[in-house]
Amino acid sequence: MCKSLLFLSRFFFAMAIIFIISSLLMVSCSKDDGPPPEPQNQNPENTDSILEAEDYKTLKALYDANPNNTLGWDMDDKGMQNWSGVTQQNNRVTELDLNGKTLTIIPPQIGDLDRLTRLSMSSNDIPELPAELGNLDDLTSLNLEDNALTALPVELGKLTKLSYLHLGSNLLDAFPEQLTKLDQLATLIAHNNSLAQLPQGMEKMTALQVLDLAQNLLDSVPAAIGSLNALNSLSLDDNRLTEIPWEYGRLIKLEYLYLENNNLSQLPQEVCKLAEIGTEITTDAQVGCDLIGYNYRGLVALYHANPGNTLEWDLTDTSMQSWSDVTLHLDGTVQELELYDEQISHLPPEIGNLSSLTYLGLRFNYLTQLPSEIAMLQSLKRLVVSENLLTDLPPQIGSLSALDHLSLGDNAITQLPSEIGNLSNLTSLNIERNDLTDLPSQLGNLKQLGELYARENALNTIPPELGNLQQLQYLWLSENVLETVPSALGNLPNLFDLRLDKNVLIEIPASLGDLDALGFLNLSTNLLKEIPRELGNLTGLNRLNLENNSLASIPKAVCDLANHGTTIEIDAGVVCK
């Protein structure tokens with residue numbers, strides 16, 4: 001019995017040992033049969049090798065999708081070192097030049113070439129583009145000229161680094177608006193397309209320098225192109241355009257504008273004027289410049305710049321024939337503009353559009369300044385801006401070479417620009433009731449000036465250069481703070497009416513006695529204690545007013561002027577000596 005029990009114990013012990021060993025062997029076998037653990041990546045180049053292989057797979061997909069291609073690639077060369085048209089850097093594809101390779105399909109895998117900067121597939125027969133092209137974040141140049149494209153995927157709008165986009169000679173009939181958001185676009189060349197329209201939003205192409213849309217089917221182009229401030233070349237020739245947006249006149253950096261072979265009859269004057277700053281404009285011989293539209297837009301800008309105006313113009317009448325206070329030339333351009341008390345507070349720069357304007361009347365409004373573009377009114381002869389709120393004048397006012405009448409009275413002007421002396425044809429200047437303390441010496445250059453009205457200012461001095469005004473007939477300096485006047489005033493041979501009343505004159509120069517043409521002389525309400533006897537030489541004087549001074553007597557020679565018909569007004573008690 002004991003032996004049997006001992007045998008069974010040993011038997012079960014042995015079986016337990018065998019079971020444990022078997023279990024260990026099974027575990028070991030199961031580990032050996034499973035996948036080996038992934039080794040740690042000790043070499044970063046392994047990643048590049050994998051991506052290099054992916055670039056190969058992408059180009060193989062392109063190759064296989066076009067069984068009739070003429071790429072000439074050795075598909076066993078997985079390093080692609082000898083593949084024509086493939087450029088690599090650091091074993092990654094960066095450029096593809098696959099022009100004229102009988103391609104018809106671009107597979108979606110093209111979007112996996114995430115190091116691609118330049119892609120050129122012109123002169124193929126590709127009808128559509130995969131949306132995955134929008135994944136090529138580093139793409140700066142895309143050339144798809146001379147294909148069979150009928151549409152563009154909106155995903156191209158993601159290519160924010162794109163600088164060159166060539167889409168010529170395709171069958172496009174629209175431009176997706178999303179493509180106009182390529183902020184870095186530098187050159188858009190769409191030559192020989194069948195484009196029928198372009199979208200709004202092109203103003204976002206702020207770096208655009210060259211825009212070629214020649215030989216298309218365009219019958220219109222967006223005004224937004226006029227916001228492409230960096231543009232230096234714009235080709236729109238050989239289309240079906242019937243008009244060019246006036247906004248293109250803002251392209252002041254434009255060097256070349258090609259417009260031949262369209263259906264144009266005239267260009268906006270804004271565009272025509274680009275030629276004055278050096279833009280080379282080529283167009284058909286019969287195309288002229290739209291001056292009427294130019295004038296119309298100038299007045300519309302004036303209307304909208306003053307929302308509270310009382311003009312009551314019908315802006316739908318682009319001929320301006322029905323507009324009140326607007327006089328037109330026979331050619332339809334604006335000749336005269338009389339806007340009296342029309343609640344005008346702002347003159348926009350477009351006022352310069354009125355290049356044929358001869359008279360501008362803005363009396364009794366609320367203007368605080370004149371724009372520098374006033375200088376563009378080279379036909380202007382009369383400018384009346386009295387009874388406004390002007391505090392100064394732009395120096396450009398001196399460029400109005402045709403101006404002969406300038407009325408600035410009843411404003412708050414404190415100083416006249418020296419450039420006013422350039423108005424060589426000016427005959428009348430009214431600066432009454434302002435806040436002037438002096439006058440520029442350049443007024444002496446106004447050789448044709450016949451009238452100078454400067455009453456009710458704060459003048460304390462008069463430039464002697466006024467003595468150069470040989471044509472001056474009327475000089476009104478009343479109600480200022482003058483203590484004296486320059487003797488040079490005696491050099492004015494045609495002076496007829498001199499008013500110096502209501503100043504603080506303590507003396508007057510004897511040279512005034514040389515003013516042979518003088519008919520009226522008003523010296524009343526001053527601080528004069530004596531009158532020079534030379535005034536007795538003014539035998540042609542009609543009226544002499546000496547009232548309200550500190551005179552006790554006047555020279556007999558002056559008193560004797562009464563014998564020549566002069567009316568002398570003098571305080572009671574003043575005697576003749």
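Values below: all heavy atoms of this structure, side chains included; hydrogens, waters and symmetry mates excluded.
A donor-acceptor contact under 3.5 angstrom links the side chains of Q378 and S401, judged on distance only. In this model, no donor atom of one side chain and acceptor atom of the other lie less than 3.5 Å apart for D314 and S322. Checking D238 against N261 by side-chain atom types alone, a donor-acceptor pair falls below 3.5 Å. Between the side chains of S120 and N99, at least one donor N or O lies within less than 3.5 Å of an accepting N or O. For the residue pair Q335 / T327, no side-chain donor-acceptor distance below 3.5 Å is found, with atom types taken as modelled.
Heavy atoms from other residues, nucleotides or ligands lying under 6.0 Å from CD of E373 number more than 12. At most 12 non-hydrogen atoms from other residues, nucleotides or ligands lie less than 6.0 angstrom from CD1 of I252. Sparse packing is recorded around CD of E243, with 12 or fewer heavy atoms of other residues, nucleotides or ligands lying under 6.0 Å away. Sparse packing is recorded around CD of Q415, with 12 or fewer heavy atoms of other residues, nucleotides or ligands lying under 6.0 Å away.
With hydrogens and angles ignored, the 3.5 Å screen pairs a side-chain donor or acceptor of N388 with a backbone N or O of L367. Between the side chain of N262 and the backbone N or O of N239, at least one donor-acceptor pair lies under 3.5 Å. Checked by atom type and distance alone, the side chain of N306 never pairs as donor or acceptor with a backbone atom of Y303 at under 3.5 Å. The closest donor-acceptor contact from the side chain of T58 to the backbone of I110 lies at 3.5 Å or more, if one exists at all. Side-chain atoms of N69 do not come within 3.5 Å of backbone N or O of T102 as any donor-acceptor pair. Using modelled atom types, one side-chain atom of N365 and one backbone atom of L362 make a donor-acceptor pair closer than 3.5 Å. S379 places a side-chain N or O within 3.5 Å of a backbone atom of S355 that can act as its donor or acceptor partner. Side chain of N353 to main chain of Y294: a donor-acceptor pair is present (N/O by atom type, distance under 3.5 Å, no hydrogens or angles). Judged purely by atom type and a 3.5 angstrom limit, N124 has no side-chain atom pairing as donor or acceptor with the backbone of I126. Side-chain atoms of D237 never come within 3.5 Å of backbone atoms of E260 as a donor-acceptor pair (strictly under, hydrogens ignored).
The shortest side-chain heavy-atom distance between I351 and P371 falls under the 4.5 Å cut-off. Side-chain contact check for L98 versus L62: some heavy-atom pair is nearer than 4.5 Å. In this structure, the side chains of L311 and L339 come closer than 4.5 Å at one or more pairs of heavy atoms. Between N82 and W73, the closest side-chain pair of non-hydrogen atoms is not below 4.5 Å. With contacts defined as side-chain heavy-atom distances shorter than 4.5 Å, the pair V93/W83 does not qualify. Under the 4.5 Å side-chain criterion, counting only non-hydrogen atoms from C-beta, Q286 is not in contact with L264. Residues H346 and Y366 are not in side-chain contact: their nearest non-hydrogen atoms beyond the backbone lie 4.5 Å or more apart. For the pair N422 and I397, the minimum side-chain heavy-atom distance is 4.5 Å or more.
How far CG of D290 is from OG1 of T333: 11.0 Å, rounded to the nearest 0.5 Å. Distance CG/N143 to CD/E145: 4.5 Å, rounded to 0.5 Å. The structure places CG of D64 at 9.5 Å from CD of Q109, a figure rounded to the nearest 0.5 Å. Residue Y359 holds its OH atom at 14.0 Å from CG of L377, rounded to the nearest 0.5 Å. One finds the CG atom of L302 at 9.5 Å from the CD atom of E350 (value rounded to the nearest 0.5 Å). Remark: L142 CG to L136 CG distance equals 8.5 Å, nearest 0.5 Å.
A side chain to side chain donor-acceptor pair (under 3.5 Å) with R118 is found for exactly one of T94, T87, D97, namely D97.
Nearest heavy-atom pair across L423 and L403 is CD1-CD2, 4.2 Å. E132 and P108 make their closest contact through CB-O, 3.2 Å (heavy atoms, listed as atom of the first residue, atom of the second, distance). In terms of heavy-atom proximity, Y256 sits nearest to T279 at N-CG2, 4.4 Å. Smallest separation of non-hydrogen atoms from L267 and C272: CB-SG, 3.8 Å. M121 approaches L144 most closely through the heavy-atom pair CB-CD2, 3.9 Å. The shortest heavy-atom contact between I292 and D331 is CD1-O, 3.4 Å.
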**OP:** Take D125 and T104, measure what side chain to side chain donor-acceptor pair (under 3.5 Å) needs, and give me the verdict at the end.
**Re:** CA-CA 5 Å; D125 196 22; T104 59; over 6 Å; no
**OP:** Mind running side chain to side chain contact (heavy atoms under 4.5 Å, CB included) on L259 and T282 for me, showing each step along the way?
**Re:** CA-CA 6 Å; L259 299 171; T282 59; 5.8 Å; no
Subject >> Worked verdict on K60 versus M75 for side chain to side chain contact (heavy atoms under 4.5 Å, CB included) >> reply: CA-CA 7 Å; K60 185 177 185 301; M75 302 310 295; 3.6 Å; yes
Subject >> Test log, rule salt bridge (Lys or Arg N to Asp or Glu O under 4.0 Å), inputs R250 and E270 >> reply: CA-CA 8 Å; R250 296 171 176 167; E270 292 93 335; over 6 Å; no
**OP:** Test Q81 against N91 for side chain to side chain contact (heavy atoms under 4.5 Å, CB included), laying out the working first.
**Re:** CA-CA 9 Å; Q81 296 298 320; N91 297 320; 4.3 Å; yes
Original post:
Given the rule in the side chain to side chain contact (heavy atoms under 4.5 Å, CB included) test, do Q88 and V86 qualify, once you have shown the distances and angles that lead to the verdict?
Top reply: CA-CA 7 Å; Q88 300 184 70; V86 179; 4.2 Å; yes
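Here D138 does not pair with R115 in a salt bridge; the nearest charged N to carboxylate O distance is not below 4.0 Å. The residues D112 and K57 are annotated as not salt-bridged, no charged nitrogen and carboxylate oxygen being separated by less than 4.0 angstrom. The pair K273-E276 meets the salt-bridge criterion, with a side-chain N (NZ, NE, NH1 or NH2) lying under 4.0 Å from an Asp/Glu carboxylate O.
Using bins of under 30°, 30° to 60° and over 60° for the plane-to-plane angle, the ring pair W323/W313 lands in the parallel bin.
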